[in-house]
Chemist: 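Before I ask anything, here is the structure I am working with.
Predicted model, so just to flag it, every value in this text is computed and none were measured. All values below were derived from every heavy atom in this structure, side-chain atoms included, with hydrogens, water molecules and symmetry-related copies excluded. Below, chains carry the letters A, B, ... as their sequence lines are ordered, and counting in each starts from 1.
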Amino acid sequence: MYGGGYIYDPESKNQATIVEDPEMLAAFEAKIDRGEKIEPTDWMPYEYRRQLIRMIEQHAHSEIIGALPEGTWITRAPGFKRKMALIAKVQDEIGHGQLLYAAAETLGKSREQMLNDLMSGKSKYSNVFNYPAKTWADVTVIGFLIDAGAIINQLANSKGSYAPYCRALKRICAEESFHLKQGYEGFVYLATGTPTQRTMLQDAVNRWWPPIMHFFGPADKVSVHTEKLMRWQVKMDTNDNMRNEFLEQYVPKIWELGITIPDPKLRKNLETGRWEYTEPDWDEFFRVINGNGPCNKERLDVRRWVEESGRWVRQALYKPNEMYKMPLA
Amino acid sequence: MSSLDPRINRLDLVKTLEAEDIAQHQHWETYEVFVQAKRGGHHTHVGSLHAADHDMALIFAKEQFARRGQCHNLWVVKTSDVYALDTEDADMFADNNEKKYRNPGGFKVSDKITAYKKAQKQDKTETDD
Amino acid sequence: MNTDAIKELLYKMGDDAFILGHRNSEWTGIAPTLEEDISFSSVAQDQIGHALAVYTILHETLGEPTPDFIGFTRNESDFRCSHLVELPNGEYDFSLIRHFLFDHAEMLRYRALTQSTYTPLAQLAGKIIGELKYHILHANTWVRQLGNATEEAKARLQSSLNELMPYALGMFEPGPNEQALIEDGVFIGEEALKAQWLQSIEAVIRQTQLKLPDITTLTPVYGGRYGYHTEYLQPLLYEMTEVFRIDESAEW
């Protein structure tokens with residue numbers, strides 16, 4: 001589960017100075033233009049590698065951090081079916097993290113380095129997971145709507161140019177469709193259930209709507225940089241397009257259940273075919289990214305606990321004389 | 001701090017204060033995983049994982065790569081034991097298709113046979129006359 | 001066949017699997033490595049699944065309430081789980097050793113039940129032996145590895161083993177209808193199971209630098225099979241049913 005074209009990248013301004021070999025670059029770009037995928041051992045521009053590492057790493061972090069807000073309700077899920085499905089879903093998120101860390105490792109950054117950068121705050125994860133899952137209904141909203149958003153983003157990315165990322169995403173997308181179904185089912189059960197259940201659900205939708213609108217990130221800045229990433233098929237679509245696609249597919253499904261969305265301006269413009277909405281509060285978005293969201297501290301504290309309390313296990317079986325190699329593909 | 005997650009409240013989060021960087025390779029070495037979907041089929045590469053040895057790699061592979069869908073058997077191979085050609089050398093394979101003498105399509109006799117039969121028929125007609 | 005005796009057997013089996021699966025699922029998302037997180041989560045899911053299967057037999061063939069009602073509405077004193085499964089998770093060594101001790105017994109219990117004269121249970125046993133085989137492989141691999149590793153790892157495993165052994169023996173507490181089960185050929189009985197179990201865990205411990213505590217000096221922790229529980233079960237149930245209790249008649 002993950003979404004967002006927004007890649008946290010404070011260093012991007014310093015990267016303009018690297019000059020690539022024009023012949024190699026031309027051959028690389030021709031390969032992408034022909035629709036061929038790039039494999040880990042192929043030559044690639046420095047900026048392509050750097051940007052992909054950031055993107056895949058941020059995606060991987062989002063999976064293992066995203067497991068926490070949903071895990072909030074693992075011990076309290078109501079009934080066997082929900083209990084087992086939620087555990088299986090959180091398990092999948094960890095599994096996706098595992099696949100994505102491996103994909104990023106093929107580019108030369110180790111899992112240990114990535115986890116260190118997560119814990120130090122140097123690299124980020126999707127902002128949406130810095131919000132709390134207050135009730136059971138929040139889990140169904142996450143399971144339905146956040147996963148729906150994630151699928152839109154991930155399907156787009158699975159058509160990108162870097163082969164190991166595409167391979168991981170192919171499997172991830174297949175599993176996400178289970179997540180979406182189980183999230184939607186839980187959502188419908190609450191929406192069509194008792195008045196208490198409906199109220200729980202409406203409250204949760206109200207809470208999650210602003211983070212959902214933030215999910216795909218602010219409108220892309222028109223820049224040479226963005227154009228280059230789209231040409232290299234690292235970034236596959238604009239944030240606004242993906243947000244529009246999400247609204248197009250899912251707002252009708254929410255409305256048909258009589259659940260309202262807390263944005264009076266939200267409507268589809270029939271002339272342009274695009275959705276209109278109140279501009280999300282981007283100051284809030286950046287405040288949360290920079291560590292000041294309601295759950296940032298808890299999420300990182302828990303991740304640090306995981307590494308610290310698992311340290312003895314890893315150390316016990318660590319073999320210093322092994323030959324270490326990055327995963328192949 | 002009190003979490004909304006009762007599981008988290010049971011953790012000793014004081015530990016996080018001691019957290020230091022994870023040293024390189026503390027998550028162990030990597031293994032490549034091959035899944036045989038059905039008896040009789042090939043083992044196909046499906047991904048990689050971190051494990052302390054091959055026994056552990058197998059128990060991890062089973063759940064990470066075969067918890068859904070079909071699997072009959074699994075292989076794990078240490079990444080450092082896999083040898084590969086350079087993908088930049090893919091042009092070595094480029095003209096394999098042009099080596100017609102290696103492929104069944106490179107051996108065509110039907111023209112010869114048709115011509116032969118035609119000639120035979122003609123001969124016969126001439127003799128009959 | 002003695003229906004009360006069969007119910008007694010099914011309740012204790014279902015409750016053990018349910019409560020331990022619940023405990024083990026607390027690790028999902030926060031286990032020591034990503035790969036282990038996934039593997040251990042599967043073990044937890046399987047255990048909850050086994051509980052569901054056993055409760056389903058109770059419901060469908062013995063007239064008990066639905067599995068959700070059995071699992072989510074009973075009082076603490078109606079549970080028949082052993083104290084072993086109720087204990088909080090502790091650190092990973094504790095959870096691993098508990099998994100090792102429990103799943104060896106579980107495997108042997110179900111293997112014996114493949115011969116049960118009570119058909120629904122014999123059929124179920126045939127279905128889940130494969131899953132339990134994985135549990136054993138998983139537990140044995142970890143115990144062998146960590147039990148031969150660093151001093152810290154060995155000390156942790158040993159101390160968890162010492163602490164858990166009396167509780168593990170409590171799994172074999174005979175119930176009130178023990179004799180009827182044996183006579184009817186439903187189950188081989190707890191005493192016979194315990195003997196098999198000891199051999200089975202000893203064989204693994206022998207391959208490590210750990211020592212199995214001398215069980216003749218230990219007092220098994222009993223009570224669970226008669227509805228007496230540790231102080232940990234009630235809060236666990238209260239937490240587990242928090243959402244379900246909002247409206248027990250609602251569909252969630």
Chemist: For the candidates A:M326, A:E39, A:Q113, A:R76, which exhibits the highest count of non-hydrogen atom pairs separated by less than 4.5 Å from chain B?
Modeler: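 Option with the greatest count: A:R76.
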Chemist: With sequence neighbours left out, which residue pairs that include part of residues 31-46 of chain B fulfil the salt bridge (charged side-chain N to carboxylate O under 4.0 Å, His left out) condition?
Modeler: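 Checked against salt bridge (charged side-chain N to carboxylate O under 4.0 Å, His left out) - neighbours excluded - no pair reaches residues 31-46 of chain B.
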Chemist: Rounded to the nearest 0.5 Å, what separates atom CE in A:M119 from atom CD in B:E20?
Modeler: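 One gets 10.0 Å once the value is rounded to the nearest 0.5 Å.
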Chemist: Pick from A:T106, A:I94, A:T75: which one has the most heavy-atom pairs with chain B under 4.5 Å?
Modeler: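 Max contact count across the listed options: A:T75.
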Chemist: How many angstroms lie between OG in A:S110 and CD in B:Q26, if you round to the nearest 0.5 Å?
Modeler: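 Reported to 0.5 Å precision, the distance equals 11.5 Å.
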Chemist: Among the options B:I22, B:L4, B:T30, pick out the one with the most heavy-atom pairs lying under 4.5 Å from chain A.
Modeler: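 It is B:I22.
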Chemist: Check whether any side-chain heavy atom of A:R314 sits under 4.5 Å from a side-chain heavy atom of B:H25, and report yes or no.
Modeler: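 They are not in side-chain contact.
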Chemist: Measuring heavy-atom distances to chain B, does A:W43 have an atom under 4.5 Å in its side chain, in its backbone, in both, or in neither?
Modeler: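 Both backbone and side chain.
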Chemist: What part of A:R171 lies closer than 4.5 angstrom to a heavy atom of chain B: side chain, backbone, both or neither?
Modeler: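 Answer is side chain: those atoms of A:R171 sit under 4.5 Å from chain B.
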Chemist: Could you verify whether a donor N or O on one side chain and an acceptor N or O on the other, from B:S3 and A:E298, lie under 3.5 Å apart?
Modeler: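 Checked: B:S3/A:E298 side chains pair up, N/O donor to acceptor below 3.5 Å.
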Chemist: Output yes when A:E175 and B:R68 qualify as a salt bridge under the 4.0 Å nitrogen-oxygen rule, no when they do not.
Modeler: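 B:R68 and A:E175: salt-bridged.
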Chemist: If you look at every heavy atom in A:E112 and B:A23, which pair is closest and at what distance?
Modeler: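 Residues A:E112 and B:A23, closest heavy atoms: CG-O, 3.4 Å.
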Chemist: Just so I know, are the side chains of B:K78 and A:K325 near enough to count as touching, which here means a heavy-atom distance under 4.5 Å?
Modeler: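 No - every pair of side-chain heavy atoms lies 4.5 Å or more apart.
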Chemist: Please evaluate residues B:M56 and A:L317 with respect to the criterion side-chain contact (heavy atoms from CB on, under 4.5 Å), reporting the C-alpha separation (whole Å), side-chain torsions for both, the decisive distance (0.1 Å), and the verdict.
Modeler: CA-CA 11 Å; B:M56 194 170 273; A:L317 305 177; 3.7 Å; yes
Chemist: To the nearest 0.5 Å, what is the distance between CD on A:Q91 and CD on B:Q64?
Modeler: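 So the CD of A:Q91 and the CD of B:Q64 are separated by 8.5 Å.
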Chemist: Is it the case that over 12 heavy atoms from other parts of the model lie below 6.0 angstrom from the NZ atom of A:K181?
Modeler: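 Atom NZ in A:K181 is not crowded, with 12 or fewer foreign heavy atoms closer than 6.0 Å.
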Chemist: Can you name the nearest heavy-atom pair linking B:W28 to A:Y324, along with the distance?
Modeler: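 Shortest heavy-atom contact: C-CE2, 3.6 Å.
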Chemist: Strictly less than 4.5 Å between heavy atoms, which residues of residues 24-38 of chain A line up against chain B? Please order them by number.
Modeler: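 Hits under 4.5 Å: A:K31.
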Chemist: Mind running side-chain contact (heavy atoms from CB on, under 4.5 Å) on B:F65 and A:L99 for me, showing each step along the way?
Modeler: CA-CA 10 Å; B:F65 293 101; A:L99 296 171; 3.7 Å; yes
Chemist: When rounded to the nearest 0.5 angstrom, what distance separates CD in B:E63 from CD in A:Q98?
Modeler: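 Output value for this atom pair is 12.5 Å.
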Chemist: What distance separates A:L328 CG from B:T79 OG1, expressed to the nearest 0.5 Å?
Modeler: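 Here the interatomic distance stands at 5.5 Å.
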Chemist: Under a 4.0 Å N-O cut-off, is there an ion pair linking B:R67 with A:D92?
Modeler: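 A salt bridge links B:R67 with A:D92.
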Chemist: Between A:W305 and B:D12, what is the shortest heavy-atom contact and its length?
Modeler: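 Here A:W305 and B:D12 meet closest at CD1-O, 3.2 Å.
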Chemist: Donor-acceptor pairs under 3.5 angstrom involving side-chain atoms of residues 110-122 of chain B: please list them, not counting sequence neighbours.
Modeler:
unit_1: B:T114; atom_1: OG1; unit_2: B:S110; atom_2: O; d: 2.6
unit_1: B:Y116; atom_1: OH; unit_2: B:Q120; atom_2: NE2; d: 3.4

Chemist: Taking ring pair (Phe, Tyr, Trp, His ring centres under 6.0 Å) as the test, write out the residues that go with B:H27, two or more places apart.
Modeler: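 So B:H27 forms no ring pair (Phe, Tyr, Trp, His ring centres under 6.0 Å) with any residue.
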Chemist: Quick one: pull up CD in A:E70 and CG in B:D5 and give me the separation to the nearest 0.5 Å.
Modeler: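 Between A:E70 CD and B:D5 CG, I get 11.5 Å after rounding to 0.5 Å.
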Chemist: Does a side-chain heavy-atom distance below 4.5 Å link B:L49 with A:Y101?
Modeler: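 Counting from C-beta outward, B:L49 and A:Y101 never come under 4.5 Å.
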Chemist: In terms of heavy-atom proximity below 4.5 Å to chain B, should A:A168 be classed as side chain, backbone, both, or neither?
Modeler: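 Neither part, no heavy atoms under 4.5 Å.
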